[in-house]
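Accompanying notes for the structure given below.
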Amino acid sequence: MALSREQHFDMYYYLLLGRALEERLETLYKQGKIPGAIYQGRGQEACYVGSAYALEPGDVIAPTHRDMIAMLPRGMDIKLIVAQHLAKVTGPTKGRGEDNYLGDLSRGIFTTVSMLPDFYPVAAGAALAFKIQGESRVALAYCGEGATSRGDWHEALNFAAVKTLPVVFFVINNQFAFSTPAEKGMKIGNVANRASAYGMPGITVDGNDPIEVFEAVKRSVDLAREGQGPSLIEAKTLRMKGHAGHDRFTYAPSGLIEQWEEKDPINRFEILLRDEWQLNDEEKQQIEIEIQMKIDGAVAFAEASPLPDPNEVTKDVYH
Amino acid sequence: MALSREQHFDMYYYLLLGRALEERLETLYKQGKIPGAIYQGRGQEACYVGSAYALEPGDVIAPTHRDMIAMLPRGMDIKLIVAQHLAKVTGPTKGRGEDNYLGDLSRGIFTTVSMLPDFYPVAAGAALAFKIQGESRVALAYCGEGATSRGDWHEALNFAAVKTLPVVFFVINNQFAFSTPAEKGMKIGNVANRASAYGMPGITVDGNDPIEVFEAVKRSVDLAREGQGPSLIEAKTLRMKGHAGHDRFTYAPSGLIEQWEEKDPINRFEILLRDEWQLNDEEKQQIEIEIQMKIDGAVAFAEASPLPDPNEVTKDVYH
Amino acid sequence: MSITEQEAAKGLTFQNEESTYLQAISQGLGEAMREDETVIQIGEDIGEFGGAFKVTKGLIDEFGEERVIDTPLSESGFIGAAVGAALMGLRPVVEVQYADFLSCGWDQIVNVAAKIHYRTGDPVPMVIRAPSGAGLRAGPFHSQSPEGWFAHVPGLKVVAPATPFDAKGLLRSAIEDPNPVIFFEHKYLYRRLKERLPREKYKIDIGRASVRRDGTDVSVITYGAMLYKALEAAKQLNTNGISVEVVDIRTINPLDKAAIIASVKKTGKVVIVTEDHYSFGVSAELAATINEGAFEYLDGPIERIAPPDTPIPYSPPLEDAYLPQVEEITTGITKLVAY
Amino acid sequence: MSITEQEAAKGLTFQNEESTYLQAISQGLGEAMREDETVIQIGEDIGEFGGAFKVTKGLIDEFGEERVIDTPLSESGFIGAAVGAALMGLRPVVEVQYADFLSCGWDQIVNVAAKIHYRTGDPVPMVIRAPSGAGLRAGPFHSQSPEGWFAHVPGLKVVAPATPFDAKGLLRSAIEDPNPVIFFEHKYLYRRLKERLPREKYKIDIGRASVRRDGTDVSVITYGAMLYKALEAAKQLNTNGISVEVVDIRTINPLDKAAIIASVKKTGKVVIVTEDHYSFGVSAELAATINEGAFEYLDGPIERIAPPDTPIPYSPPLEDAYLPQVEEITTGITKLVAY
Ligand SMILES: Cc1ncc(C[n+]2csc(CCOP(=O)(O)OP(=O)(O)O)c2C)c(N)n1
Ligand SMILES: Cc1ncc(C[n+]2csc(CCOP(=O)(O)OP(=O)(O)O)c2C)c(N)n1
Ligand SMILES: [Mg+2]
Ligand SMILES: [Mg+2]
């Protein structure tokens with residue numbers, strides 16, 4: 001399970017790509033080029049990259065509104081992500097779906113819905129299909145700590161446990177659900193403690209450490225793949241931005257953001273890479289340039305893309 | 001908290017009344033006099049009487065399909081129960097509602113619905129009202145172990161815990177949900193273990209011992225009344241009948257029913273009463289006669305009652 | 001000529017034994033599972049026990065626990081799971097114990113299952129079987145006919161067969177359909193109808209109505225258990241010299257507008273009979289559709305006969321008053337004929 | 001004469017400041033809480049944060065956490081809790097962040113809240129406030145107009161105001177109503193309308209339509225944000241000499257059938273405009289109702305203008321094509337006038 005230098009660099013690349021892509025989306029949003037909303041996972045990049053990087057090609061993920069970065073290690077084409085936000089016909093939903101509710105089934109990425117966490121049962125069902133068909137595949141479902149209060153979360157975990165399904169439930173506890181602090185959403189400190197209600201392992205990890213996240217998810221994914229059933233993993237972090245583009249996070253307790261800025265997952269990982277894997281400035285710059293070019297290309301593609309033809313509005317409701 | 005002789009006899013009375021009333025309903029059902037279904041709590045009488053007996057007059061209960069006996073210590077008029085089953089206009093729902101979905105708000109008994117366990121959130125809401133209004137009242141919600149798999153169960157417990165509401169969640173683990181054995185409904189052995197997911201106490205008790213049930217519920221009710229918030233209590237027992245009147249429980253593992261017959265809650269309680277509270281045959285017979293008369297009266301009342309006037313069908317949809 | 005004979009004329013041969021509506025569905029499930037190993041069953045108590053109404057009885061013996069999947073009591077969870085399985089290439093057939101409990105999985109149906117294809121183009125081939133309808137003295141929570149709600153959800157198909165032949169034929173189509181289909185089985189009909197079914201595989205297209213009785217004076221548009229009330233009314237009125245055409249729409253969404261409009265153009269008068277309650281439901285859409293498609297042919301107002309806007313009461317006199325009865329239909333038709 | 005003036009004539013005096021639709025609702029909530037201490041607010045982020053749209057902003061400062069109750073993310077749970085609180089004598093006003101999320105509490109609304117009174121006679125005085133409607137580029141999960149589903153639930157009332165004045169007046173009625181009321185606030189209108197509101201307490205009766213413009217050639221029946229498209233169409237056609245009457249139904253259930261029928265009897269022609277999508281929804285019931293109540297007065301088919309039966313798309317050209325536009329309405333009316 002020890003990760004090679006290349007794999008470390010890979011993860012580093014996705015961390016930087018995720019952050020830069022979100023920053024660019026924020027710029028586009030502020031320029032008024034995004035008709036809808038943006039939901040940013042800044043500060044949570046380690047959760048996304050560490051978890052998604054633990055999967056194999058045939059596996060599937062079910063991200064929510066904030067989890068776009070988890071798609072990147074799955075090979076999601078960022079042109080599609082930008083085009084979706086700009087409501088262009090070249091987006092994966094052809095301009096029909098909003099924001100981060102996008103995906104690509106060929107890469108094992110579900111196009112989820114806004115109702116939280118409705119794709120928890122769906123992910124369990126995908127895992128059911130894998131089990132029935134004798135496939136060695138795993139499903140990974142994302143949501144925030146707030147969404148764990150909803151009934152579908154409970155039904156999904158219980159169903160998966162009873163049926164010993166190959167699914168990993170990954171909860172990003174970023175301390176807030178919209179404006180609601182975690183302690184007003186649940187009375188216990190750790191989401192992971194909910195696992196015992198279903199008879200599955202529950203693990204809490206440092207959500208700002210990509211390696212710790214990766215290792216925990218990898219262990220759970222391996223268990224799932226071996227037929228040992230589901231796990232619940234909670235990654236603790238802080239949502240470093242407001243809930244959505246328009247929310248200035250005025251309700252953050254003073255000092256909290258600064259405190260977590262010091263734990264910035266990318267800075268931390270960079271130190272590790274410099275100390276242990278000989279990352280140097282030149283390499284870093286190279287990666288950053290590559291990412292900027294890629295994002296520039298995606299934005300250019302999306303901006304040049306046409307909006308959908310209004311006559312397409314009634315197409316594709318049915319197969 | 002020690003119960004007096006009179007209180008023991010009171011509980012004994014309700015145990016016998018519950019069983020006899022259900023037996024009579026079964027007879028009426030077999031005679032074809034009940035147009036709908038019957039759901040029996042035979043074997044679970046200790047759960048009902050022990051729990052409901054722990055309440056005070058202003059408290060409220062939310063029973064489900066099988067929990068009619070819990071209404072008896074609340075003073076529910078059994079004439080109304082029989083009339084409801086016979087679909088008569090003198091029933092509490094005037095013939096509109098089915099089976100055990102009946103109640104009497106003036107006695108703190110909710111008229112619940114079939115969807116399980118939809119009155120868990122409702123009971124939490126009643127408790128919220130008590131808290132807001134500064135009333136020293138408690139809500140007690142019933143359901144079976146099967147219903148704990150549903151999302152509303154989860155949402156209710158979480159809400160009540162976060163808001164520190166005066167509600168007791170009482171789960172009768174009778175080993176079956178319709179034909180589904182408990183272990184196919186959840187992977188853990190004890191429903192009570194789910195309490196830790198919400199940060200509330202979880203207690204498992206012998207559901208065939210009315211005193212043990214009473215004491216546990218009383219403790220939780222007291223806690224709730226003192227403002228300490230909700231508890232989850234699991235009473236272990238066996239459903240001694242099929243799921244409903246038409247179900248012959250053919251799927252019961254062989255020997256299981258016989259094994260639990262030996263733990264019959266009424267027989268056990270009777271021994272206690274004989275040994276410790278000097279119950280004698282004469283007294284027992286007296287109680288039985290009283291109960292039979294009461295039930296005869298209720299059946300006579302219900303049978304003599306008219307069916308609803310068809311013109312009433314459109315009345316009372318709105319207040 | 002009955003529909004069965006019509007179809008027989010198309011080269012089908014018939015089983016010796018008659019099958020009930022319930023058996024027709026059981027057969028359809030079994031045959032679909034035999035033909036296509038991606039078909040699975042999901043629901044409460046559907047395995048060993050055979051389901052609340054015993055529709056899936058025996059399937060687990062033939063196909064095993066892997067394909068006949070008992071679930072915990074969690075409609076939202078297992079409907080969502082069916083969506084996931086469908087996205088991964090299986091064809092799940094979900095059973096809810098009563099159509100009333102569909103409400104517990106509503107969000108998964110309307111926001112998840114129904115809204116995937118429009119955005120992604122991915123098929124979501126799943127069927128939700130829901131025993132619906134009143135008449136069994138089962139009260140407000142075991143008698144609902146919620147098809148009106150589901151018909152108002154783009155992305156879903158809604159089917160409501162009235163005969164054993166149709167039940168099996170539509171079920172086969174529903175299972176092969178690449179879209180989510182809500183399949184309403186009228187539980188009052190489960191054991192009350194019998195007919196001989198084809199030996200061969202056959203399907204009834206979703207979206208095709210059936211004229212159950214030809215007539216010239218009035219069209220009755222109906223479906224489900226109300227079909228039999230309508231046919232009885234038509235029979236009674238025939239002796240009075242009133243010729244009633246009875247159209248069974250069979251599928252509610254998509255609606256066979258052409259067949260409905262054709263019948264109304266022929267007769268000029270129309271009575272709609274549904275078990276879905278009166279306002280804002282299936283009868284309203286039928287009326288609006290007819291008004292749009294055959295306005296100039298209408299020789300009288302469109303008459304709707306449907307239960308009142310109340311929960312479904314338990315007590316027999318109330319339930320009987322709630323449900324449209326033959327007399328109400330004959331009265332409605334007679335009044336309209338005299339218009 | 002605008003509705004405001006009409007009401008003013010009844011002896012109300014008016015605030016100096018204009019209020020938006022959103023402010024009108026906020027005022028209504030605050031005043032109801034001040035007058036009646038059993039009124040409480042329940043919802044996600046409604047306390048300190050003031051709600052997703054800031055409608056409840058400030059209430060917690062005045063009324064405290066006990067009466068302005070932030071909840072965990074659990075629509076079914078907190079709607080069910082509101083039912084319990086209502087049964088215990090409070091008057092809960094629930095906010096869901098978007099009407100789209102009502103689906104997550106559907107079962108509690110349709111099987112619990114709506115079906116208590118019929119069986120027990122106990123009042124269930126609660127309001128569920130739901131920001132609905134499209135036009136804000138918010139896509140399939142933040143733009144829904146689900147009033148058609150809820151109108152088809154006996155036991156519920158369904159309200160959809162179009163003006164600040166109505167929003168406040170209907171909200172006060174809804175809160176005082178002893179039945180569960182689903183209160184659809186059109187979020188596109190939240191900050192786009194302004195008018196002066198009465199200083200005094202006033203209520204608008206649930207079940208009363210309002211004629212927004214008098215006319216003689218065609219009636220347009222509508223509600224919510226579509227009212228403004230209808231009024232604009234009427235204005236444009238006026239220059240062509242076509243006189244259009246515009247009726248705002250304001251409440252969907254109960255429906256003010258008398259007002260609708262009266263208008264249609266006067267004009268003989270009717271166009272229905274709804275934001276609820278086309279089939280099996282509000283427009284269908286309006287059409288069926290008009291057919292039943294004014295058949296002999298109809299000089300042309302009832303025309304429905306409503307979005308297509310699809311999820312609500314995100315991209316501006318698609319959303320614009322999805323929503324009924326003024327031109328579609330003028331075309332529809334013109335065609336009908338020529339009929
Ligand atoms: C069922 C449902 N109710 C309400 C919302 C509105 N909403 C969107 S995100 C959000 C907070 C989610 O918090 P959490 O689950 O912790 O995820 P995070 O946003 O922190 O990533 C809410 C309430 C929703 N999406 N779904
Ligand atoms: C939401 C829902 N789904 C299905 C049913 C049908 N049903 C009625 S009782 C029952 C089993 C309930 O088991 P449990 O909760 O253990 O209660 P018990 O019957 O054992 O008292 C089922 C599935 C229901 N009432 N509600
Ligand atoms: Mg969060
Ligand atoms: Mg049980």
Side-chain angles (χ1 to χ4, degrees), chain A residues 34-37 65 83-89 91 93-99 101 112-118 143-154 176-182 184-187 243-244 246-247 250-251 306-318, chain D residues 43-54 57 65 69-80 96-98 100-108 134-144 277-279 307-323 325:
Chain A
I34 294 179
H65 56 293
Q84 162 102 354
H85 279 81
L86 299 194
K88 297 300 179 75
V89 73
T93 66
K94 302 184 178 169
R96 290 169 182 152
E98 75 233 58
D99 320 333
Y101 305 113
T112 66
V113 306
S114 173
M115 290 71 201
L116 289 168
D118 276 9
C143 77
E145 86 297 338
T148 69
S149 299
R150 258 206 73 225
D152 282 38
W153 192 87
H154 176 71
F176 287 89
F178 209 149
S179 77
T180 306
K184 291 183 84 179
M186 59 187 189
K187 196 154 182 182
H243 168 62
H246 57 77
D247 173 18
T250 48
Y251 45 88
L307 287 164
D309 173 353
N311 293 317
E312 295 274 299
V313 67
T314 53
K315 295 238 174 81
D316 300 325
V317 178
Y318 295 93
Chain D
E44 293 159 2
D45 303 293
I46 63 167
E48 217 41 77
F49 191 67
F53 291 96
K54 304 287 177 191
K57 189 79 197 161
E65 277 191 357
I69 300 155
D70 273 321
T71 68
L73 207 169
S74 48
E75 283 75 7
S76 195
F78 64 75
I79 291 172
V96 294
Q97 297 199 330
Y98 286 81
D100 313 64
F101 302 132
L102 286 172
S103 287
C104 301
W106 173 256
D107 173 50
Q108 283 288 343
L136 295 174
R137 319 313 190 190
F141 305 107
H142 296 85
S143 308
Q144 296 174 24
H277 63 86
Y278 201 92
S279 302
D309 296 329
T310 76
I312 302 166
Y314 164 53
S315 190
L318 295 176
E319 192 183 36
D320 291 343
Y322 174 87
L323 286 171
Q325 302 296 351

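Chain letters run A, B, ... following the sequence lines, proteins first and then strands; every chain starts at 1.
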[X] versus chain D, heavy atoms under 4.5 Å apart: side chain, backbone, both or neither?
{"X": "V313(A)", "result": "both"}
{"X": "K94(A)", "result": "backbone"}
{"X": "H65(A)", "result": "neither"}

Choice from S74(D), P308(D), S103(D), P140(D) maximising heavy atom contacts with chain A below 4.5 Å: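 Option with the greatest count: P140(D).
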
With a 4.5 Å limit on heavy-atom distance, are the side chains of R150(A) and P117(A) in contact?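 A side-chain contact under 4.5 Å exists here.
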
Beyond-backbone contact of T93(A) with Y101(A), side-chain heavy atoms, under 4.5 angstrom: no

Provide the closest heavy-atom pair for E312(A) versus R96(A) in the form atom of the first, atom of the second, distance.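 Shortest heavy-atom contact: O-NH2, 3.2 Å.
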
With under 30° as parallel and over 60° as perpendicular, where do the rings of Y251(A) and F49(D) fit, or are they tilted in between?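 Ring orientation of Y251(A) relative to F49(D): perpendicular.
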
Counting only non-hydrogen atoms closer than 4.5 Å, does Q97(D) touch chain A with its backbone (N, CA, C, O), its side chain (CB onward), both, or neither? side chain

Which bit of D45(D) is near chain A, if near means a heavy-atom gap under 4.5 Å: side chain, backbone, both or neither?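 When you check distances to chain A, atoms from both the backbone and side chain of D45(D) fall under 4.5 Å.
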
Taking only residues two or more places apart in sequence or in another chain, which ones pass ring pair (Phe, Tyr, Trp, His ring centres under 6.0 Å) with H142(D)?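 Residues passing ring pair (Phe, Tyr, Trp, His ring centres under 6.0 Å) with H142(D): Y98(D), F101(D).
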
Pick from V113(A), T314(A), D152(A): which one has the most heavy-atom pairs with chain D under 4.5 Å?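 Result: the option with the highest number of such pairs is V113(A).
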
At a heavy-atom distance under 4.5 Å, which candidate from P308(A), G146(A), G185(A) has the highest pair count against chain D? P308(A)

Could you list all the salt bridge (Lys or Arg N to Asp or Glu O under 4.0 Å) pairs where at least one residue sits in residues 307-319 of chain D, not counting sequence neighbours? R137(D)-E319(D)

